[in-house]
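What's counted below: heavy atoms across the whole structure, side chains too, no hydrogens, waters or symmetry copies. By convention in this document, chain letters (A, B, ...) are assigned in the order of the sequence lines, proteins followed by strands, and residues within each chain are numbered from 1.
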Amino acid sequence: MPELPDVEFVKRRLARALVGATITRAECSDRRILRPTTPNAFRRALIHHAVREVNRRGKWVRVVLDDETRLFSHLGMTGWWIDVKVDAPQETAERARLDVVRSGRARSLRYLDSRRFGRLLIAKRDIADWTGLGPDPLSDGLDPAVLAAALARSRRPVKDAIMDQSILAGIGNIIATEGLFHARIDPRTPSDALSSTDVEKIVRGLDKTIGKQLAVRLGSKRDDWHERFAVYGRSGEPCSRCKTPIEHIVIGGRTSAFCPKCQAAQRGRRRTSPT
DNA sequence: CGGCATGTTGCGCA
DNA sequence: TTGCGCAACATGCC
């Protein structure tokens, strides 16, 4: 279930287990997930090396080894990492494992991914997928002026634009949908038609959504995934604010739920477009 | 059975 | 050159 807060959660789990630990076993035989890394290269690059740091940008996690080699992990649609005992049985849909030892204590990190849209790859330095990411809302913070400048460069629907990983790192369909609901902005609004006030509202809406999702992730109480959202997946249900039935449209090939009243297209205060 | 899904890429066509 | 729509990827759930 990976969007930014989920990836952050996984990143913290990996950091807690891996930083300062030495890898004693590394396996992944799935060439689809590894592309373009090979199973042999995966094992050879990792085994017997110590982990220096674990970072996250957007939906990517980066594990840096003592020799500067990097392991990049993207969770795709159904990827996830768990931390188990070394002798734990293989999980359903387990695609890779990293066994580590630190201070004499051994743990095993297992990568699970039923649909196998995720990635695991080895590189000697940072890859374009990583360096090309825009600012990360959580680790870099959102600067409304910077975001406004980026949004002004495109006529795309704003929901499309904020899901562009080179504009903002880590925003997926759920956070975009929820963030725009909180901001009361119509997801179809051309991004170059947003006022600076609109952009500030979007920043607050995204921050609120990310913060809430992360809190759910870090909290101990179990929740039903469904109940977390105000509009996502709630077409036909009454808007929590105004009771108007939630509608959905397709933007950029992705289902986009919104309240047609709270998020009504703002007319008559468009920024003047360049001629 | 069909439809849909949290993500990304690649292709064909303006 | 740029941008957009859409299919594809592989699997599970309703």
Undergrad: For Asp126(A) and Thr131(A), test the side chains for any donor-to-acceptor distance below 3.5 angstrom and give the result as yes or no.
TA: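 Side-chain D/A pair, Asp126(A) to Thr131(A): absent.
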Undergrad: Between Arg116(A) and dT11(C), is there a contact of a side-chain N or O with OP1 or OP2 at under 4.0 Å?
TA: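 Checking Arg116(A) against dT11(C): at least one side-chain N or O falls below 4.0 Å of OP1 or OP2.
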Undergrad: For Asp164(A) and dG3(C), what is the distance between atoms CG and C1' respectively, to the nearest whole Å?
TA: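 It works out to 12 Å between those atoms.
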Undergrad: Whole angstrom is fine here: how far is it from CG in Asp113(A) over to P in dT11(C)?
TA: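 It is 10 Å, rounded to the nearest whole Å.
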Undergrad: Taking OP1 and OP2 of dA5(B), is either one under 4.0 Å from a side-chain nitrogen or oxygen of Thr255(A)?
TA: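 Result: yes.
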Undergrad: Do Arg95(A) and Tyr111(A) form a cation-pi contact, if we require the NZ or CZ to be under 6.0 Å from the six-membered ring centre and within 45 degrees of the ring's axis?
TA: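 Not flagged: Arg95(A) not positioned over aromatic ring of Tyr111(A).
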Undergrad: From OH of Tyr232(A) over to C1' of dT6(B), roughly how many Å is that when rounded to an integer?
TA: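 Those two atoms, OH and C1', are 6 Å apart.
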Undergrad: Establish, for the pair Arg32(A) and Phe117(A), whether the NZ or CZ atom is under 6.0 angstrom from the six-membered ring centre and no further than 45 degrees off its axis.
TA: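 Ring-cation test returns no.
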Undergrad: Pick the closest DNA chain C nucleotide for Ser154(A) and for Arg95(A) by heavy atoms, then say which residue is nearer the 5' end.
TA: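 Its nucleotide being nearer the 5' end, the pick is Ser154(A).
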Undergrad: Using only side-chain N and O atoms of His74(A), determine if any of them is under 4.0 Å from OP1 or OP2 of dT8(B).
TA: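 It does, given that an N or O in the side chain of His74(A) lies less than 4.0 Å from OP1 or OP2 of dT8(B).
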Undergrad: Nearest-Å distance, CE (Met77(A)) to P (dC13(C))?
TA: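 The answer, rounded to whole Å, is 15 Å.
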Undergrad: Within the stacking criterion (centroid distance below 5.5 Å, interplanar angle below 30°), does Phe117(A) stack on dG7(B)?
TA: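 It does: the two rings, one from Phe117(A) and one from dG7(B), meet the stacking criterion.
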Undergrad: Give me the distance, rounded to whole Å, that separates dG2(B) from dA8(C) when you measure between the P atoms they each carry.
TA: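 To the nearest whole Å, 15 Å.
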Undergrad: Taking C-beta and beyond as the side chain, do Arg44(A) and Asn40(A) meet within less than 4.5 Å on heavy atoms?
TA: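 With C-beta onward as the side chain, the pair touches.
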Undergrad: Take atom CD1 of Ile33(A) and atom C1' of dT8(B), then tell me their distance rounded to the nearest Å.
TA: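 To the nearest whole Å, that distance equals 14 Å.
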Undergrad: For Lys59(A) and dT6(B), is the shortest distance between a side-chain N/O and OP1 or OP2 below 4.0 Å?
TA: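 No, outside the criterion.
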Undergrad: Whether Arg254(A) contacts dG7(B) is assessed here as follows: a side-chain N or O lying under 4.0 Å from the phosphate OP1 or OP2. Is that the case?
TA: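 So the side chain of Arg254(A) is within the cut-off, an N or O lying under 4.0 Å from OP1 or OP2 of dG7(B).
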Undergrad: May I ask you to decide whether Arg57(A) forms a salt bridge with Asp136(A), counting only side-chain N to carboxylate O separations under 4.0 Å?
TA: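 No, this pair does not count.
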Undergrad: When Watson-Crick pairs (N1 to N3 and N6-O4 or O6-N4) and G-U wobble pairs (N1-O2 and O6-N3) count only below 3.5 Å on both distances, what is the dot-bracket string of DNA chain C, with | for other-strand pairs?
TA: .||||||||.||||
Undergrad: Decide if atom CZ of Arg31(A) counts as having more than 12 heavy atoms of other residues, nucleotides or ligands within a radius under 6.0 Å.
TA: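 Counting other residues, nucleotides and ligands, CZ of Arg31(A) stays at 12 neighbours or fewer.
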Undergrad: Nearest nucleotide by nearest heavy atom, which residue falls closer to the 5' end of DNA chain C, Gly253(A) or Arg153(A)?
TA: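 So the residue in question is Arg153(A).
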Undergrad: Round to the nearest Å and state the distance from Arg115(A) atom CZ to dG7(B) atom C1'.
TA: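 One finds 8 Å between C1' of dG7(B) and CZ of Arg115(A), rounded.
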Undergrad: For dA10(C) and Arg32(A) - does any side-chain N or O of the residue sit under 4.0 Å from the phosphate oxygens OP1/OP2?
TA: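 Result: yes.
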Undergrad: For the residue pair Asp99(A) and Thr24(A), confirm or rule out a side-chain donor-acceptor distance under 3.5 Å.
TA: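 Short answer, no.
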